[in-house]
Amino acid sequence: MNTPDIPVLPIGSHVSMSGKEMMLGSVKEALSYGANTFMLYTGAPQNTRRRALSELHIEEAQALMKARGMQPFVVHAPYIINLANTVNQETYRLAVEFLTQELIRTKGMGSQVLILHPGAHVGAGMKAGIDSIAKGLNEVLAASPDVLIALETMSGKGSEIGSRFEELAAIYDRVQKPERLRVCFDTCHVHDAGYDIVHDPEAVLERFHRLIGREQIAVFHINDSKNEKGAAKDRHADIGEGRIGFETLYHFVHHPDFPGIPRILETPWYPDPENPGRMLPPYKEEIQWLLTASRPKTFPHA
Ligand code: FE
Ligand code: FE
Ligand code: ZN
């Protein structure tokens, strides 16, 4: 008898890639959280030092993913990439060159999606920043493999670009290959940017749809927020511990319009009550909670 295929809900968290095992360790970390997907940085998010693909244990990592029936994973570009910087041309050049390398690494690791913070205009103004991002993306996309770049919705901290959906739409409009672009929808950032996802998530998604199209969302970052709506702060809170709350985050995780789209947690580690000075990841309990709607007894903040 045939049963209709129930699409798998890909859910996981940011994991690290370090030590001897590199990407193999990332997959093991994700599995330890009960996750079926994950997100990694190709190295420290704050710098551009990167190890060669041949040192990352990619084949073993992929074999383990396959054996455990895992879903595709995603890669996040480092924060220091700023395509919007028109003030310092060196920063812009470095961003173009490094982003090109990141797309090659993403493909080499076996992922189709590289998440990118659009950039910050550092005083030159929104228009100059957006033009610069589009120019940079055009350079990068012309010269690199067919990996998608998912522009992340930002909180609007400082001179960040991409906190208004209109700004992301303007980047799409100016890019020669918009088919290579996608969006990473971060719940904390969208809330901090001033959109009321708590009281009317559907109105926010509808607004996004009119400007960009909901089929453009390739990744969700599922984070609670330490700040009130519109704070433009970008401080993530653990699930159910912030101003967004469990109900809204559960709504985004189980939203029927986004089957097969990875939901990635970037919630903060918390201090181990039994070992002062040690930090623990909340992901195992948060994934379980978000999947079952019942709060695990072992949840750190219970
Ligand atoms: Fe991000
Ligand atoms: Fe994020
Ligand atoms: Zn953030």
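First listed ligand is number 1; within each ligand, the first listed atom is number 1.
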Chemist: When you measure from the Zn ion (ligand 3) to the N, O or S atoms of Asp186, does any of those distances fall below 2.8 Å?
Modeler: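 No, Asp186 does not qualify, because none of its backbone or side-chain N, O or S atoms lies under 2.8 Å.
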Chemist: May I ask you to check if any N/O/S atom from His189 comes under 2.8 Å of the Fe ion (ligand 1)?
Modeler: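 Short answer: no, not a single N, O or S atom is under the cut-off.
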Chemist: The Zn ion (ligand 3) as vertex, arms to NE2 of His236 and OD1 of Asp234: angle to 10°?
Modeler: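 Here the angle at the metal atom is close to 90°, to 10°.
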Chemist: Of all N, O or S atoms in Glu266, which has the smallest distance to the Fe ion (ligand 2)?
Modeler: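 So the atom name we want here is OE1.
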Chemist: For the Fe ion (ligand 2), find the closest N/O/S atom on His221 and give its atom name.
Modeler: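 Output for this pair reads ND1.
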Chemist: At their closest point, which heavy atom of Phe165 faces which heavy atom of Val204, and how far apart are they?
Modeler: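 So the two residues come closest at CE1-O, 3.7 Å.
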Chemist: Looking at Tyr41 versus His14, is the centre-to-centre ring distance below 6.0 Å?
Modeler: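 They qualify: ring centres under 6.0 Å apart.
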Chemist: From the N, O or S atoms in Asp186, identify the one nearest to the Fe ion (ligand 2).
Modeler: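 Looking at Asp186, the N, O or S atom with the least distance to the Fe ion (ligand 2) is OD2.
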Chemist: Does Ile161 form a side chain to side chain contact (heavy atoms under 4.5 Å, CB included) with Met154? I'd like the steps, not just the answer.
Modeler: CA-CA 7 Å; Ile161 296 165; Met154 301 308 289; over 6 Å; no
Chemist: Under the side chain to side chain donor-acceptor pair (under 3.5 Å) criterion, do Asp192 and Ser225 qualify, and how do the steps go?
Modeler: CA-CA 7 Å; Asp192 282 22; Ser225 172; 2.6 Å; yes
Chemist: Measure the CD1-CD1 distance between Ile217 and Ile261 for me, rounded to the nearest 0.5 Å.
Modeler: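 Going from CD1 on Ile217 over to CD1 on Ile261, the span is 8.5 Å.
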Chemist: The Zn ion (ligand 3) and His189: any N/O/S contact shorter than 2.8 Å?
Modeler: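 Checking the Zn ion (ligand 3) against His189, an N, O or S atom does fall under 2.8 Å.
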Chemist: Evaluate the side chain to side chain contact (heavy atoms under 4.5 Å, CB included) criterion for residues Asp131 and Thr86: first the C-alpha distance (whole Å), next the side-chain angles of each, then the deciding distance (0.1 Å), finally the verdict.
Modeler: CA-CA 9 Å; Asp131 286 344; Thr86 53; over 6 Å; no
Chemist: I'd like to know if the Fe ion (ligand 1) has an N/O/S atom from Glu152 within less than 2.8 Å of it, counting both backbone and side-chain atoms.
Modeler: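 Of the N, O and S atoms in Glu152, at least one lies under 2.8 Å from the Fe ion (ligand 1), which means yes.
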Chemist: For the Fe ion (ligand 1), find the closest N/O/S atom belonging to His117 and write down its atom name.
Modeler: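 It is NE2, the N, O or S atom of His117 closest to the Fe ion (ligand 1).
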Chemist: I'd like to know if Glu59 and Lys66 make a salt bridge, using a cut-off of under 4.0 Å between side-chain N and carboxylate O.
Modeler: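 Salt bridge: no.
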